[in-house]
Number of protein chains: 2
Amino acid sequence: MSNYRIDSALLCEAFKALSNPNRLALFNRLMNCCAPGTKCSPAAAVRYCVSELGEGLDIAPSTLSHHLKELNRAGLVEMKRKGKNVECWVEPAKLERLNAFFQSSQSDIL
Amino acid sequence: MSNYRIDSALLCEAFKALSNPNRLALFNRLMNCCAPGTKCSPAAAVRYCVSELGEGLDIAPSTLSHHLKELNRAGLVEMKRKGKNVECWVEPAKLERLNAFFQSSQSDIL
DNA sequence: CCTATAATTCTAAACATGTCGAATTATAGA
DNA sequence: TCTATAATTCGACATGTTTAGAATTATAGG
């Protein structure tokens, strides 16, 4: 309970990041990067570069960049430059933390 | 996949509703209404009325009412008038649907 | 019917967000 | 070094959100 404020603020930021349709679509694309039945692992996960992630979303590159920055700032998406591209991926641990919030109604995550 | 748009829109609305610190606090208070180790059930769940939920949040009654309306609109919180009060509670099924999003990275919820 | 309490609606103001286009930076390769 | 591609930053604008206060509705009880 000592970290009430911190955790609730972090959770809130995560939800805010996912509250936009375009960002939710981006995040979902990254979540679904693994083969069925397996969990994403940083080493094995398929990674998308920024422009690949934006395909079919019909938003300007600057908007795409902005949204990925928000997802990254919220701690939901990792990013790293690799040559001309910037690779994006989701750390499995992040999913588990969000999962925990809804899973246990008596959790003291907040 | 046929309900791609519908489901993603609903999810997005849920996240938007939880993206505000006050609403997240309200929702959390309702989630934590059950005894440890048990899941909320509509019949057994402790219900809070609007003013009880707002205690300690330091927001005006009109603001409180607005936020609960948003949570209700997003499908996260149920409300029903009982005398002078309006009772609020969380349906367990809603928690499970949100849970499912983060749980299975290969889900086709979107 | 009158009053007190609980909650909502309405209005308005301050603030935040989503979006694009133009300019800029980063990198690889000729 | 020059060019092409990928991505980001900046500036601006339209739209949406948060919030409080005043007015209004709903209900219970005398």
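Residue numbers start from 1 in every chain, and the chains themselves are labelled A, B, ... in the order their sequence lines are given, proteins ahead of strands.
The side chain of A/K84 contributes no N or O atom lying less than 4.0 Å from OP1 or OP2 of C/dG29.
In the helix from C/dC1-D/dG30 to C/dA30-D/dT1, the rotation axis of the first five pairs and that of the last five pairs differ in direction by 20°, rounded to 10 degrees.
Side-chain contact check for B/E91 versus B/R97: every heavy-atom pair is 4.5 Å or farther apart. By the 4.5 Å heavy-atom criterion applied to side chains, A/T63 and A/L57 are not counted as neighbours. Looking only at side-chain heavy atoms (C-beta outward), A/L98 and A/L76 come within less than 4.5 Å of each other. Looking only at side-chain heavy atoms (C-beta outward), A/K80 and A/W89 come within less than 4.5 Å of each other. At least one side-chain heavy atom of B/L26 sits under 4.5 Å from a side-chain heavy atom of B/L64. By the 4.5 Å heavy-atom criterion applied to side chains, B/M79 and B/L71 are not counted as neighbours. Side-chain atoms of B/F15 and A/F27, non-hydrogen and from C-beta on, never get closer than 4.5 Å to each other.
For residues 12-25 of chain A, the set of pairs meeting the side-chain hydrogen bond (donor to acceptor under 3.5 Å, both in side chains) definition, not counting sequence neighbours, comprises A/R23-A/H67. Each salt bridge (charged side-chain N to carboxylate O under 4.0 Å, His left out) pair with one or both residues in residues 57-73 of chain A, not counting sequence neighbours, appears once here: A/E70-A/R73.
DNA chain D is contacted by both A/V50 and B/K82; A/V50 maps to the nucleotide lying nearer its 5′ end (nearest heavy atom per residue).
Boundaries of the chain A contact region on DNA chain D are D/dT5 to D/dT9, first to last in 5' to 3' order (nucleotide atom under 4.0 Å from a heavy atom).
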For nucleotides 17-23 of chain C, give me every protein contact, N/O to N/O, under 3.5 Å, one pair per line with atom names.
| unit_1 | atom_1 | unit_2 | atom_2 | d |
| --- | --- | --- | --- | --- |
| C/dT17 | OP1 | A/K16 | NZ | 3.1 |
| C/dG18 | OP1 | A/N20 | ND2 | 3.4 |
| C/dG18 | OP1 | A/R23 | NH2 | 3.1 |
| C/dG18 | OP2 | A/R23 | NH1 | 3.1 |
| C/dT19 | OP1 | A/N22 | ND2 | 3.2 |
| C/dT19 | OP2 | A/N22 | ND2 | 3.3 |
| C/dT19 | OP2 | A/H67 | NE2 | 2.6 |
| C/dC20 | OP2 | A/A60 | N | 2.9 |
| C/dC20 | OP2 | A/T63 | OG1 | 2.7 |
| C/dG21 | N7 | A/S62 | OG | 3.4 |
| C/dG21 | O6 | A/S62 | OG | 3.0 |

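Residues passing the side-chain contact (heavy atoms from CB on, under 4.5 Å) test with A/R81 are A/V86, sequence neighbours excluded.
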